[in-house]
There are 2 protein chains.
Amino acid sequence: MKLSEGVEWGLHCVSVLAGLPSGATLPTKTLAEYHGLSETYLSKHLQALTNARIIESVPGPRGGYRLLRLPEEITLLEIVEAIDGREPLFRCTEIRQRGPLACEASAQAYRLPCGIHVAMARAEKAWREALKTQTLADIVNQYTQDVDPQQQQRRNQWMSERLRSAPKKS
Amino acid sequence: MKLSEGVEWGLHCVSVLAGLPSGATLPTKTLAEYHGLSETYLSKHLQALTNARIIESVPGPRGGYRLLRLPEEITLLEIVEAIDGREPLFRCTEIRQRGPLACEASAQAYRLPCGIHVAMARAEKAWREALKTQTLADIVNQYTQDVDPQQQQRRNQWMSERLRSAPKKS
DNA sequence: ATATATTGGATATATTTTATCCTTGATATT
DNA sequence: AATATCAAGGATAAAATATATCCAATATAT
Ligand code: FES
Ligand code: FES
């Protein structure tokens, strides 16, 4: 019962991208180096975020990734689902239908959903709702507050040395 | 990102045990047969529920398992955590501390929790709360309603043929 | 042309989940 | 006392996922 480690990677990467000037991009290499991550594997997660239309890729020299939408319009749920998938946490395999008694003449009863399944789904909905009501903007606010001024300046310079500018796509 | 399949097994088993007369037990074999599950593997999950003090084991002939507490006093969260563990869904590996910039002189800043970590923990708390506020009694009510009368009677007879009585422990 | 990027498929490795087996100890029954 | 039935728990084994790398293909600024 756990989310893939890539979720933490993805959340941190989009947070960094959210702090960039409009239109600017960062390549995989920079994002991986900044967080101390495997470049090739991070690339997979960035692809997933691209397919989910959360970030956008700019190929070629001076290319990289940038946000496709405003941080206010990107929910944490989208990011989590892009990387970790959309399958439910709780997997109901309908074991109520598997016993020696179940099979016969009770198809009728099984049109009603299993009470256990319903209860677990209720909790899962609460989780998804909580992720849906927090946006990337909410996180970035806290994210940049944490750092002390000196550290933040060093970070900004490090970033600006690696920044790319690229024209907006169609 | 998914819970172990054993969670569904455990929830269904304790629901069955909750419907038994006071003091009565069912052996692993019967629980496995009723749900169409592997007996040896189900045994592992029942052990976990025993260690979590949700159910109780009675060794020896005519032994088996029974609830250790009233269904009203057993939350779904307890059952889920007994089988699937208590580790958080989201694993923060502190990647913010791993980059080339992070290591130096910023230990101060890292005493504050990471904003991403906090946001994910908030959603997780919503999930746990939703599981905590639903008890086994809530489920059993729905569980037994689903079955039509004829089916329910067949089920009751099947169970009563396999029921065990055993004295309460100290 | 060339160098820098992403894309996506193929593949390898590590870890976790699922499952079985077997020995030990407890306890009703005979 | 002997026997049969049951859970407990350790040691593996097998299967499924998660993690990670590599490479050929494509796009594009210079
Ligand atoms: S049958 Fe799947 S949760 Fe009840
Ligand atoms: S460092 Fe782990 S979530 Fe930010």
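All figures in this text were calculated on a predicted structure; none of them were measured in a lab. So that the names make sense, note that chain A is the first sequence line, chain B the second, and so on, each numbered from 1.
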Using modelled atom types and a 3.5 Å cut-off, is there a donor and acceptor pairing between side-chain atoms of [X] and backbone atoms of [Y]?
{"X": "B:Gln134", "Y": "B:Ala130", "answer": "yes"}
{"X": "A:Arg162", "Y": "A:Leu31", "answer": "no"}
{"X": "A:Asn51", "Y": "A:Ala48", "answer": "no"}

[N] [atom2] sits how many Å from [X] [atom1], rounded?
{"X": "A:Glu5", "N": "D:dA20", "atom1": "CD", "atom2": "C1'", "answer": "11 Å"}
{"X": "B:Ile54", "N": "D:dA7", "atom1": "CD1", "atom2": "C1'", "answer": "17 Å"}
{"X": "A:Lys29", "N": "C:dT4", "atom1": "NZ", "atom2": "P", "answer": "9 Å"}
{"X": "A:Lys44", "N": "C:dA10", "atom1": "NZ", "atom2": "C1'", "answer": "9 Å"}
{"X": "B:Leu42", "N": "C:dT17", "atom1": "CG", "atom2": "C1'", "answer": "16 Å"}
{"X": "B:Asp84", "N": "C:dT17", "atom1": "CG", "atom2": "C1'", "answer": "10 Å"}
{"X": "B:Tyr65", "N": "D:dC6", "atom1": "OH", "atom2": "C1'", "answer": "9 Å"}
{"X": "B:Glu39", "N": "C:dT18", "atom1": "CD", "atom2": "P", "answer": "19 Å"}

Ignoring backbone atoms, establish whether [X] has a side-chain N or O less than 4.0 Å from OP1 or OP2 of [N].
{"X": "B:Asn51", "N": "D:dG9", "value": "yes"}
{"X": "A:Ser4", "N": "D:dT19", "value": "yes"}
{"X": "B:Arg91", "N": "D:dT19", "value": "yes"}

Options [options], nucleotide nearest the side-chain atoms of [X]:
{"X": "B:Pro27", "options": "D:dC6, D:dA8, C:dA5", "result": "D:dC6"}
{"X": "B:Arg164", "options": "D:dT19, C:dA28, D:dC6", "result": "D:dC6"}
{"X": "B:Trp9", "options": "C:dT7, D:dA7, C:dA19", "result": "C:dA19"}
{"X": "A:Ser38", "options": "D:dT21, D:dA29, C:dG8", "result": "D:dT21"}
{"X": "B:Thr50", "options": "D:dT19, C:dA19, D:dA8", "result": "D:dA8"}
{"X": "A:Gln47", "options": "D:dT28, D:dA7, C:dT7", "result": "C:dT7"}
{"X": "B:Pro59", "options": "D:dT28, D:dA7, C:dA28", "result": "D:dA7"}

Report which part of the nucleic acid [X] touches: base, sugar-phosphate, or nothing (heavy-atom distance under 4.0 Å, all strands).
{"X": "B:Thr40", "value": "base"}
{"X": "A:Gly64", "value": "sugar-phosphate"}
{"X": "B:Ser43", "value": "nothing"}

Between B:Arg128 and B:Glu124 (salt bridge meaning N to carboxylate O under 4.0 Å), is one present in this structure?
yes

Would A:Gln151 and A:Arg154 count as having a side-chain donor-acceptor pair, cut-off 3.5 Å?
yes

Mind checking who D:dT30 pairs with, Watson-Crick or G-U wobble, both distances under 3.5 Å?
C:dA1

By nearest heavy atom, map A:Pro61 and A:Gly6 onto DNA chain D; which one lands nearer the 5' end?
A:Gly6

Going by the angle between their ring planes, with limits at 30° and 60°, are B:His35 and B:His12 parallel, tilted or perpendicular?
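Aromatic pair B:His35/B:His12 classed perpendicular.
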
